Amino acid sequence: VTKVAGNVHKPVLLLDVDGVFSLFAPGLDTRSGGRWLLVEGMAHFLSDSAGELLRSLCAGDAFECVWCTGWEERADEHLRRHYGLERAFDHLVFDHPPSGAHWKLAAIDERFGPHRALAWIDDMLDERVERWAEERPGPTLLVPTDPGVGLTEEHAATVQKWAEDPLNAG
Ligand SMILES: [Mg+2]
């Protein structure tokens, strides 16, 4: 697949929340490593280290960070304060009728088109997403996470490295 430079914008960093920052797994140890956040009556265990990695990833202005989560506008409202993020991030809205595709793809395509460089961190990247990424003409990096662990240093390093030269990152 030939990768085409879409435009001069910096790469987009799509951020899922549940399974990336908000951890869940059977038997997850919540005694340390995170803090609880109550959102509309629902308690979420937010990883401290994932938040720290997010602050450093987005501090350098290398990305346009965009929440890509069912939390929609609540992600920025709650997580910016919880994690002490310096800037507000935009968010995607998922109001498309269900189809056979992964539920986030239509909104991503609509907002960013086929050519914009995109890195996407999510715990629910399935084979439909992998196929979409392969067929996408723009540079596309998928970063799957384990929902009980969330964003790791290794993921952050991968994203950082990719952003230095998305067109040639392979
Ligand atoms: Mg998720």
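As the structure is a prediction and not an experimental result, all values here were calculated from the model. In each ligand, atom 1 is the first atom listed, and ligand 1 is the first ligand listed. For this chain, numbers begin at 1 and follow the sequence in order.
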>> For Phe24, give me all partners under ring pair (Phe, Tyr, Trp, His ring centres under 6.0 Å), at least two apart in sequence or on another chain.
In response: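 By the ring pair (Phe, Tyr, Trp, His ring centres under 6.0 Å) rule, Phe24 matches no residue at all.
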Let me have the donor-acceptor pairs involving side chains of residues 123-130, under 3.5 Å, with sequence neighbours excluded, atom names and distances please.
| from | atom 1 | to | atom 2 | distance (Å) |
| --- | --- | --- | --- | --- |
| Asp126 | OD1 | Arg128 | N | 3.0 |
| Asp126 | OD1 | Val129 | N | 3.2 |
| Asp126 | OD2 | Arg128 | NE | 3.0 |
| Asp126 | OD2 | Arg128 | NH2 | 2.5 |
| Arg128 | NH1 | Gly100 | O | 3.0 |
| Arg128 | NH1 | Ala101 | O | 3.4 |

>> Let me confirm one number: the CG-CG distance from Leu57 to Leu151, rounded to the nearest 0.5 Å.
In response: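 Those atoms lie 6.5 Å apart.
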> Which pair of non-hydrogen atoms, one from Ala75 and one from Val17, has the smallest distance, and what is that distance?
Replying inline: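 Scanning both residues, the minimum pair turns out to be CB-CG2, 4.1 Å.
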> Trp120 and Cys68: which non-hydrogen atoms are nearest, and at how many Å?
Replying inline: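 That closest heavy-atom pairing would be NE1-SG, 4.0 Å.
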> Do any pairs count as a salt bridge (Lys or Arg N to Asp or Glu O under 4.0 Å) and have a residue in residues 38-61, sequence neighbours left out, and if so which ones?
Replying inline: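 Those involving residues 38-61 are Lys10-Asp61, Arg35-Asp48, Glu40-Arg74, Asp61-Arg87.
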> What's within reach of the Mg ion (ligand 1), meaning protein N/O/S atoms under 2.8 Å?
Replying inline: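 Within the sphere that stays under 2.8 Å of the Mg ion (ligand 1), the protein atoms of type N, O or S are Asp16 OD2, Asp18 O, Asp123 OD1.
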